[in-house]
There are 2 protein chains.
Amino acid sequence: MPKRVDHEEKRRDLAEALFRIASMRGLQAVTLRAVAAEAGVSMFQIQYYFPTKEDMLRHAWQRITELGAERAGRGIAEAARTGDERAVIRACVLGVLPTDERSRMLCAVQIAYFAVDVTRGSQAPDQQAMLPHLVRLIADQLGHARQRGRIAPGLDLQLEADALAIMTGGLLSGMLVGAYDATRAAEIVDYRLDQLFTG
Amino acid sequence: MPKRVDHEEKRRDLAEALFRIASMRGLQAVTLRAVAAEAGVSMFQIQYYFPTKEDMLRHAWQRITELGAERAGRGIAEAARTGDERAVIRACVLGVLPTDERSRMLCAVQIAYFAVDVTRGSQAPDQQAMLPHLVRLIADQLGHARQRGRIAPGLDLQLEADALAIMTGGLLSGMLVGAYDATRAAEIVDYRLDQLFTG
DNA sequence: GCTGTTACATTGCATCTGCATTGGAAAGAC
DNA sequence: GTCTTTCCAATGCAGATGCAATGTAACAGC
């Protein structure tokens with residue numbers, strides 16, 4: 001066998017090039033030639049590592065969910081080590097928001113995919129599952145916190161979990177249009193968490 | 001002069017055809033030929049009423065904001081007649097959500113435009129202004145309500161206005177992916193309003 | 001060294017896209 | 001009635017796009 005290449009790593013590199021194009025010029029500008037040029041390779045390599053354009057887009061989406069889960073997971077794991085439910089929820093919310101250039105890029109691309117899925121009626125299963133997943137995560141944490149007497153009285157935790165998860169999505173788009181920066185977003189989230197937690 | 005045609009009405013019709021395509025097959029599928037076929041006219045008519053494709057897309061966006069403002073405005077005006085600030089805020093929030101097939105279609109198209117703008121960095125001014133505008137509307141209503149002693153004590157109304165407006169954006173996307181229906185969305189909004197208003 | 005597999009470049013092609021042009025039909029003004 | 005203005009159909013064109021076909025260099029195993 002000749003020059004061995006790590007196909008998965010190569011695909012990740014090509015996906016990065018795709019992200020750069022999609023986040024700066026839109027998903028419409030993602031063509032085989034554009035990705036090839038951005039990655040600094042010949043157009044053939046794109047075809048070589050992705051049978052078809054749709055495969056390339058699919059792989060890039062899978063990669064972006066990986067990166068997102070990785071990023072959020074790091075923050076959540078760190079917060080979970082403290083055993084503080086409030087910190088975990090905070091990490092869940094802030095962990096998916098565009099707080100720096102890199103995450104902003106990925107969030108922009110994510111929105112682009114989201115729009116395509118919505119406008120086609122055929123939404124990827126994981127696309128649909130993301131919000132309920134976040135709701136469940138938050139609801140679990142709220143449940144634990146209540147058992148430990150850390151939750152203010154008179155709250156409907158299911159509705160609170162929904163509201164928090166929904167606010168996360170809203171914050172994401174609000175930050176992408178520049179209406180809120182990371183600092184203000186954190187303030188709003190903390191303000192809401194203050195209403196839920198005692199102490 | 002010959003057969004007089006209402007150009008604006010014609011453009012509105014063509015915009016509707018564009019909406020149908022964009023909401024069902026994505027903005028990428030919006031081509032001059034596709035819009036012509038969907039509207040049941042020749043491709044030339046598209047060119048005749050829109051100098052260029054970008055003009056067509058721009059006009060459609062302008063039209064969709066008109067329709068949105070109209071719809072929300074109706075609900076808000078009705079609520080405003082009661083003089084109930086809570087009802088006004090409720091109308092502001094629910095008035096922009098996809099509660100039926102028509103509004104769902106328009107919201108989907110709106111998201112598509114939003115994604116294009118975000119991924120190009122060059123966001124239309126009104127796109128950026130929408131969220132702050134909603135915040136101001138809600139904040140004003142909350143201010144009035146507080147003066148009338150209808151607001152629960154210990155709240156930061158600016159943060160509450162931000163949180164409500166942000167939740168609106170989140171609900172919109174949540175509903176588009178099918179995570180929430182109109183009923184559940186109203187429940188969540190009412191739950192939050194219950195926390196803000198007394199009585 | 002020979003061979004075969006892997007990785008890659010180049011080229012070509014059918015299709016689609018936005019846009020322009022040319023020619024003509026229809027409806028009112030005079 | 002004819003004529004001018006408005007509206008519209010058909011066709012053409014240059015560029016871009018996804019994809020396929022062909023040719024070639026590098027390296028492992030015998």
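Each chain gets a letter, A, B and so on, in the order the sequences are listed, and its residues count up from 1.
Among the protein residues, A:Tyr49 comes within range of the sugar-phosphate backbone only, with heavy atoms under 4.0 Å from sugar or phosphate atoms but none that close to a base. Among the protein residues, B:Gln45 comes within range of the sugar-phosphate backbone only, with heavy atoms under 4.0 Å from sugar or phosphate atoms but none that close to a base.
For the pair A:Tyr48 and C:dA7, the criterion of a side-chain N or O lying under 4.0 Å from OP1 or OP2 is met. Contact annotation: A:Thr52 does not reach the phosphate of D:dG18 (side-chain N/O to OP1 or OP2, under 4.0 Å). Between A:His7 and C:dA7 there is a side-chain N or O to OP1 or OP2 distance below 4.0 Å. Taking 4.0 angstrom as the limit, B:Lys10 places a side-chain polar atom (N or O) nearer than this to OP1 or OP2 of D:dC8.
Listed nucleotides: D:dC8, C:dA20, D:dG18. Nearest to the side chain of B:Ser42: D:dC8.
Atom CD1 in A:Ile166 sits 10.0 Å away from atom OG1 in B:Thr168 (nearest 0.5 Å).
Between B:Gln47 and A:Phe44, the residue anchored nearer the 5' end of DNA chain D, judged by the nucleotide with its closest heavy atom, is B:Gln47.
Side-chain polar atoms of B:Asp162 and A:Tyr180 form a donor-acceptor pair below 3.5 angstrom.
Using a 4.0 Å cut-off between charged nitrogen and carboxylate oxygen, A:Glu16 and A:Arg102 count as a salt-bridge pair. A salt bridge between A:Arg58 and A:Asp55 is present, with a side-chain N of the basic residue lying under 4.0 Å from a carboxylate O of the acidic one. The pair B:Glu8-B:Arg11 meets the salt-bridge criterion, with a side-chain N (NZ, NE, NH1 or NH2) lying under 4.0 Å from an Asp/Glu carboxylate O.
Near DNA chain D, defined here as any heavy-atom distance below 4.0 Å, the residues from residues 23-41 of chain A are A:Val30, A:Thr31, A:Leu32, A:Arg33, listed numerically.
The nearest whole Å value for the distance from the NZ atom in A:Lys53 to the P atom in D:dA20 is 15 Å.
Residues passing the side chain to side chain contact (heavy atoms under 4.5 Å, CB included) test with A:Arg33, sequence neighbours excluded: A:Thr31, A:Met43.
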